[in-house]
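For ligands, and for the atoms within them, numbers begin at 1 and follow the listed sequence.
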Amino acid sequence: MKETTFVKKTVEFSKKLHSDIVKKLLVYERLDSTNSTAKELARAGANESTVVIAQTQTKGRGRFERIWESPGGGVYLSFILRPQIPAEKASLLPFVAALAVSRTISSYGLHAFIKWPNDVQVHNKKIAGILLESEVNKHTINYVVVGIGINLNIDIKNLPSEIRTKSTSMISELGHPFDYYEFLTTLFKQFEVFYSLFIKQQYERIIDEWKTSTDTLGKTIRVHTSAETIQGVAFDVDQSGFLLLKTEKGEIRKILSGDCLYFNEL
Ligand code: BTN
């Protein structure tokens with residue numbers, strides 16, 4: 001698809017899209033990072049449900065300062081959200097986004113699993129990533145940017161070798177390309193479903209749904225946090241989405257955030 005065609009087609013698509021979660025879709029051929037643009041817009045006062053989408057990114061960002069490879073054929077977008085809920089509940093937003101993405105991918109017949117907190121994997125390989133960036137004032141959320149990258153029509157052979165073995169895509173899994181706009185429509189619907197549960201403060205529902213979609217619980221894992229590396233059995237998540245781990249010594253540790261590795265990935 002030519003870049004100009006992408007912008008035209010996506011703008012046309014947005015005109016027909018009647019979605020509460022996408023009130024305004026800002027379309028770009030190429031951006032450094034949809035999250036960076038969304039953050040600038042949020043700081044300048046952009047409304048809730050403004051969504052930034054790009055055909056490619058030149059400096060796509062992942063968690064832990066990693067690069068998110070963003071060639072043509074992938075989905076790269078960022079939601080600007082301003083949920084009117086206590087800031088301490090924001091820790092469940094990664095679950096909301098991961099559920100929307102995993103359910104969308106699963107609706108195409110693939111078994112997508114969530115790796116705590118919000119990586120989406122198929123056959124133990126990463127197919128999508130989510131990056132949340134927020135600004136909180138005391139106890140209220142000013143904005144949250146939820147950035148989503150999905151390997152849709154990306155031939156994994158074209159990704160750099162260091163991530164090729166750990167990554168997969170929809171086209172590589174199922175052997176045929178997918179309609180980008182049909183996929184976006186499903187993703188937006190699923191995001192709306194789970195975000196509306198969040199707004200209605202149905203936090204337990206979100207956690208229960210997340211538990212049915214994760215393959216982390218029950219596994220022996222290693223988690224790198226900013227302070228340490230912890231190993232143990234992931235046995236539950238609490239009502240804030242924090243991971244509960246039982247170490248070899250039998251200690252129970254609560255992990256707020258970190259990079260989770262399964263043993264086949266070490
Ligand atoms: C991760 O798994 O490390 C998170 C990856 C998040 C990538 C998406 S692509 C759209 C948005 N813009 C970015 O720069 N990053 C997120």
Side-chain angles (χ1 to χ4, degrees), residues 6 10 21-22 25-43 46 49-81 91 93-102 104-105 112-122 124-134 143-154 156 159-160 162-170 180 183-184 187-188 191 213-216 221 223-226 241 243 257-262 265:
F6 173 81
T10 311
I21 198 69
V22 189
L25 189 64
L26 300 171
V27 188
Y28 298 85
E29 294 167 18
R30 181 181 299 129
L31 283 177
D32 283 0
S33 150
T34 57
N35 261 37
S36 301
T37 300
K39 278 204 291 183
E40 278 167 29
L41 291 165
R43 287 193 198 115
S49 299
T50 302
V51 180
V52 178
I53 190 163
Q55 186 178 22
T56 59
Q57 300 182 119
T58 50
K59 287 187 189 140
R61 295 186 288 110
R63 295 175 75 214
F64 311 105
E65 317 283 311
R66 292 183 187 128
I67 292 169
W68 185 259
E69 293 296 332
S70 310
V75 172
Y76 314 106
L77 57 85
S78 303
F79 290 92
I80 297 172
L81 303 174
S91 57
L93 268 172
F95 280 30
V96 166
L99 278 164
V101 172
S102 69
T104 300
I105 293 171
F113 289 101
I114 304 171
K115 186 167 77 158
W116 182 86
N118 59 4
D119 276 352
V120 181
Q121 298 195 325
V122 170
N124 287 317
K125 290 180 175 184
K126 187 150 163 164
I127 197 161
I130 295 161
L131 178 67
L132 282 95
E133 298 182 284
S134 56
Y143 69 78
V144 184
V145 166
V146 181
I148 297 178
I150 305 173
N151 299 338
L152 184 70
N153 294 321
I154 295 178
I156 290 304
L159 289 179
E162 22 350 318
I163 57 166
R164 202 180 301 146
T165 51
K166 301 183 235 165
S167 308
T168 191
S169 68
M170 299 274 295
Y180 183 85
F183 187 86
L184 277 189
L187 178 65
F188 292 153
F191 201 95
S213 299
T214 187
D215 63 354
T216 302
I221 60 164
V223 187
H224 299 292
T225 73
S226 50
L243 187 66
S257 85
D259 195 15
C260 166
L261 290 169
Y262 294 165
E265 299 168 331

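At under 3.5 Å, a nitrogen or oxygen of Gln57, whether backbone or side chain, sits near a nitrogen or oxygen of ligand 1.
Counting heavy atoms from C-beta on, the side chains of Phe64 and Ser226 never come closer than 4.5 Å. Between Ile114 and Leu99, some side-chain heavy-atom pair lies under the 4.5 Å cut-off.
Using a 4.0 Å cut-off between charged nitrogen and carboxylate oxygen, Arg66 and Asp259 count as a salt-bridge pair.
Between Phe6 and Tyr180, the ring planes lie perpendicular to each other; the angle is over 60°, past the 30° to 60° tilted range.
The Arg61 neighbourhood of ligand 1 comprises atoms 5 (C), 6 (C), 7 (C), 13 (C), 14 (O), 15 (N), 16 (C), with distances under 4.0 Å to a heavy atom of that residue. Every atom of ligand 1 is numbered from 1 in the order shown, and the set under 4.0 Å from a heavy atom of Arg63 is 1 (C), 3 (O), 4 (C). Those atoms of ligand 1 with a heavy atom of Lys126 less than 4.0 angstrom away are 1 (C), 2 (O), 3 (O). Close contacts between ligand 1 and Leu77 involve ligand atoms 10 (C) [criterion: under 4.0 Å to a heavy atom]. Of all atoms in ligand 1, numbered sequentially from 1 with element shown, those under 4.0 Å from a heavy atom of Asp119 are 2 (O). Set against the non-hydrogen atoms of Gly62, the atoms of ligand 1 under 4.0 Å away are 1 (C), 3 (O), 4 (C), 5 (C). Listed by number with element, the atoms of ligand 1 under 4.0 Å from a non-hydrogen atom of Gly60 are 14 (O).
Checking Ile150, Ile105, Val22 one by one against Leu187, the side chain to side chain contact (heavy atoms under 4.5 Å, CB included) holds for a single residue, Ile150.
Listed for the Thr216 side chain is a donor-acceptor partner under 3.5 Å among the backbone atoms of Trp116. Here the side chain of Ser169 pairs a donor or acceptor atom with the backbone of Ile154 at under 3.5 angstrom. The backbone N or O of Thr56 lies less than 3.5 Å from no partner atom in the side chain of Ser70, so there is not a single donor-acceptor pair.
The nearest heavy-atom contact from the protein to atom 5 (C) of ligand 1 is Trp68 CE3, 3.4 Å. With hydrogens left out, the protein atom closest to atom 8 (C) of ligand 1 is Gly149 N, 3.6 Å, a heavy atom.
Summarising the contacts of atom 10 (C) of ligand 1 with Thr37, Val146, Thr34, the nearest heavy atom is found in Thr34.
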